[in-house]
Chemist: 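Following this message is one structure expressed as structure tokens.
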Protein chains: 2
Amino acid sequence: MILKNQVEWVLHCCAILAGLPAGKYLSTKDLAEFHGVPKEYLSKALQHLSQAGIVESTLGPSGGYRLARPADAITFLDVVEAVEGSGRTFACNNIRNNNPCRSADHCDDKPCAIARIMWQADDAWRESLKSQTLSALIGTLEQEVPADLWTKSANWVLAKT
Amino acid sequence: MILKNQVEWVLHCCAILAGLPAGKYLSTKDLAEFHGVPKEYLSKALQHLSQAGIVESTLGPSGGYRLARPADAITFLDVVEAVEGSGRTFACNNIRNNNPCRSADHCDDKPCAIARIMWQADDAWRESLKSQTLSALIGTLEQEVPADLWTKSANWVLAKT
DNA sequence: GAGAGACTACTCGGATACAGTCTGTCCGAGTAAATCCGG
DNA sequence: CCGGATTTACTCGGACAGACTGTATCCGAGTAGTCTCTC
């Protein structure tokens, strides 16, 4: 069980988009170039973000993507679920039903105890992702990324808009 | 991202093995029959448990598996990691290195901030799994499974040893 | 100089291809208990 | 009745195959700015 590359890619893309001047868009091509990832495949991931309402796009020249909400209203969970789907990471197939000792009409009133524990862990994972917003990430990056690299990157992006 | 079927299977198997009389083994064949899953593929999963030191096996007739430790010393995390591996669920490929603004000799002193947040969520998931032991599961099952099904199943297992 | 039309650069969505993982099967080697057989 | 040989029932490990998912590429359709051309 491992998350897709696309999750890493779009998280980095969101970090860039968060620094974009209001009203400006950044194209998939530029985002792909900046991160050194295949443009067309990254595009697929961004489409998912768009469908999830995290980013919005515009067509035509000078088109591209921008955040659809302020960065403090976008959590990591939003982004991860947009790409990975919001389904549970543990699927219960109710194999307890195959128990040869069960009568045919037996009916359980609760989900399988094993599944409940696995889902509980899943919830903990989601809660943790939910507690982290994009703006918190930007704050961390501002502190940690060297100032010259930070401004150079900002200018690189600005030149593309 | 979804966990393997094998995780569900071996968790159920562990629950059965926990109820085994001391010193007795239960064969893969019986475990597979009880849960209605393919014997040979289940065997692969149990081998992983064996390598992880969670269960131990013996060869020959009346051979099979039993728990290697008391049930309260086996956590869900132990079992899940035995099957899924103990690696992170988020792989950081350091795509920040592809930033065209970086000088070639630039070196980061910390892991990527995005990866750190994802790993933090991963830790929360693992912590949750770690807090649940096999014996706690047995306790829940004893309460929730109807008494007649519970004893019938126990006798079914007993008859196989 | 203004307006209509052509052009361009981008997103969007579908089709396709390839690789890797998950799921499942098959079989041979090794092992330990049970059984058999000769003395 | 005893001890060694054989059989049996199991695990272990590798090889293999099919299905599904993840990764990636390509292309056509649609769209919004920009440019050009004509009047």
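A note on names: the letters A, B, ... follow the listed sequences, proteins ahead of strands, and every chain is numbered from 1.
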Chemist: What I'd like to find out is whether the side chain of B:Cys112 reaches to under 4.5 Å of the side chain of A:Glu8, using heavy atoms alone.
Modeler: no
Chemist: C:dT11 P sits how many Å from A:Arg66 CZ, rounded?
Modeler: 14 Å
Chemist: Does the side chain of A:Arg126 come within less than 4.5 Å of A:Glu81's, by heavy atoms?
Modeler: yes
Chemist: Quick one: is the NZ or CZ of B:Lys152 closer than 6.0 Å to the six-membered ring centre of B:Trp156, and within 45° of its axis?
Modeler: no
Chemist: I want to confirm an ordering. Mapping B:Lys39 and A:Ser62 to their closest nucleotides on DNA chain D, which one lands closer to the 5' end?
Modeler: B:Lys39
Chemist: B:Ile95 has an atom CD1; how far is it from atom P of D:dT23, in whole Å?
Modeler: 13 Å
Chemist: Check the distance between D:dC10's C1' and B:Gln47's CD and give it to me in whole angstrom.
Modeler: 13 Å
Chemist: Please report the C-alpha distance between A:Arg66 and A:Lys24 in whole Å, then the side-chain angles of each, then the deciding distance to 0.1 Å, and finally whether the side chain to side chain contact (heavy atoms under 4.5 Å, CB included) criterion is met.
Modeler: CA-CA 7 Å; A:Arg66 71 176 176 198; A:Lys24 294 288 188 173; over 6 Å; no
Chemist: Send over the distance from B:Leu46 CG to D:dG13 C1', rounded to a whole Å.
Modeler: 14 Å
Chemist: So do A:Phe34 and B:Asn99 actually touch side chain to side chain, heavy atoms under 4.5 Å?
Modeler: yes
Chemist: Counting heavy atoms not belonging to A:Lys4, are there more than 12 under 6.0 Å from its NZ?
Modeler: yes
Chemist: With the side chain counted from C-beta on, respond yes when B:Thr89 and A:Ile2 share a heavy-atom pair under 4.5 Å apart, and no when they do not.
Modeler: no
Chemist: What does nucleotides 26-32 of chain C look like as a protein-contact string, B for base, S for sugar-phosphate only, - for none, at under 4.0 angstrom between heavy atoms?
Modeler: BB---BB
Chemist: Check the distance between D:dT23's P and A:His48's NE2 and give it to me in whole angstrom.
Modeler: 12 Å
Chemist: Could you identify which residues of residues 2-31 of chain B place a heavy atom less than 4.0 Å from some atom of DNA chain C, listed by residue number, or say none?
Modeler: B:Lys4, B:Asn5, B:Trp9
Chemist: Rounded to whole angstroms, how far apart are OH on B:Tyr41 and P on D:dG13?
Modeler: 17 Å
Chemist: Taking NZ, NE, NH1 and NH2 as the nitrogens, is one of them in B:Arg88 or B:Asp123 under 4.0 Å from a carboxylate oxygen of the other?
Modeler: yes
